[in-house]
Amino acid sequence: QVRLVESGGGLVQAGGSLRLSCAASGRTFSKNAMGWFRQAPGKEREFVVAISWSGGTTDYADSVKGRFTISRDNAKNAVYLQMNSLKPEDTAVYYCAARSGAFVPTIATMFDYWGPGTQVTVSS
């Protein structure tokens, strides 16, 4: 079992930066692929980025490539999302997700555990 809690969301102006954190509990965190998804009002949850358990493999949505960076610290049971050059269209609730095993999915239904989410609002 893995419990996830996101933090770091907030209100930022366009062009600004935020760093989201996801704290995980559970002894098998280091063996989980991790991902970030987001959901804007009236829209479906969409994939943002995922990272393998070792951190050696990452996969980004085209909409965030070059602006967002995912990283993880298995010693701290944490995964991070550095978001730069934020745009109003990045406004959403951001969710951290975990999946047991080495495979790095990009589809929400393939993740086993989810956090409650943190709101990110980018003003124009």
Side-chain angles (χ1 to χ4, degrees):
Q1 188 77 8
V2 177
R3 182 172 177 266
L4 306 172
V5 179
E6 304 92 340
S7 62
L11 174 64
V12 64
Q13 288 187 333
S17 299
L18 282 175
R19 187 190 192 218
L20 304 184
S21 298
C22 175
S25 62
R27 292 177 293 176
T28 60
F29 172 78
S30 63
K31 299 303 182 184
N32 286 289
M34 301 295 297
W36 287 96
F37 287 75
R38 65 188 182 186
Q39 188 166 16
K43 295 187 177 181
E44 294 188 354
R45 191 168 298 189
E46 67 169 348
F47 170 75
V48 177
V49 60
I51 188 169
S52 62
W53 68 268
S54 68
T57 300
T58 57
D59 195 345
Y60 291 86
D62 288 342
S63 59
V64 305
K65 281 181 181 177
R67 301 188 299 121
F68 290 13
T69 303
I70 191 171
S71 61
R72 67 187 295 165
D73 186 338
N74 288 341
K76 295 183 178 180
N77 280 9
V79 63
Y80 308 100
L81 181 63
Q82 178 66 44
M83 305 186 295
N84 298 328
S85 302
L86 283 162
K87 305 174 181 179
E89 51 263 44
D90 294 319
T91 295
V93 177
Y94 283 71
Y95 297 91
C96 176
R99 184 187 190 278
S100 300
F103 180 66
V104 183
T106 60
I107 301 172
T109 54
M110 299 189 74
F111 282 86
D112 303 310
Y113 307 102
W114 292 85
T118 185
Q119 176 70 47
V120 171
T121 303
V122 184
S123 63
S124 58

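The cluster map of Ile, Leu, Val, Met, Phe, Trp and Tyr, joined by side-chain heavy atoms under 4.5 Å apart, puts Phe103 and Ile107 in the same cluster. In the hydrophobic clustering of ILVMFWY residues, with side-chain heavy atoms under 4.5 Å counting as a link, Val104 and Leu4 come out apart. Tyr60 is connected to Leu18 through a chain of hydrophobic side-chain contacts under 4.5 Å among Ile, Leu, Val, Met, Phe, Trp and Tyr, so both are in one cluster.
Side-chain atoms of Ile70 and Trp36, non-hydrogen and from C-beta on, do get closer than 4.5 Å to each other. Contact check for Thr57 versus Ile51: no side-chain heavy atoms found under the 4.5 Å cut-off.
Through side-chain heavy atoms spaced under 4.5 Å, either directly or across other Ile, Leu, Val, Met, Phe, Trp or Tyr residues, Phe37 is tied to Phe47, Val93, Tyr95, Phe111, Trp114.
Closest approach of Tyr94 and Val48 over heavy atoms only: CE2-CG2, 4.3 Å.
The closest donor-acceptor contact from the side chain of Asn32 to the backbone of Met34 lies at 3.5 Å or more, if one exists at all. No donor-acceptor pair closer than 3.5 Å links the side chain of Asp59 to the backbone N or O of Thr106. One N or O on the side chain of Arg72 and one on the backbone of Ser52 form a donor-acceptor pair closer than 3.5 Å. Side chain of Arg99 to backbone of Pro105: no donor-acceptor contact under 3.5 angstrom is found.
In this structure Ser63 satisfies the side chain to side chain contact (heavy atoms under 4.5 Å, CB included) test together with Arg38, Ala61, sequence neighbours excluded. Not a single side chain to side chain donor-acceptor pair (under 3.5 Å) links Arg3 to another residue, sequence neighbours left out. Checked against side chain to side chain donor-acceptor pair (under 3.5 Å), Lys65 has the following partners two or more places apart in sequence or in another chain: Asp62.
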Listed pairs under 3.5 Å, donor-acceptor, residues 116-124 side chains, sequence neighbours left out:
| unit_1 | atom_1 | unit_2 | atom_2 | d |
| --- | --- | --- | --- | --- |
| Thr118 | OG1 | Gly9 | N | 3.2 |
| Gln119 | NE2 | Ala92 | O | 3.4 |
| Gln119 | NE2 | Thr121 | OG1 | 3.3 |

Identify each donor-acceptor pair in which a side-chain atom of residues 79-89 lies under 3.5 Å from a protein atom, sequence neighbours left out, and give them as a table.
| unit_1 | atom_1 | unit_2 | atom_2 | d |
| --- | --- | --- | --- | --- |
| Gln82 | NE2 | Asn84 | OD1 | 2.9 |
| Asn84 | OD1 | Ser17 | OG | 2.9 |

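With rounding to the nearest 0.5 Å, the separation of CZ in Phe68 from CG in Asp90 is 4.0 Å.
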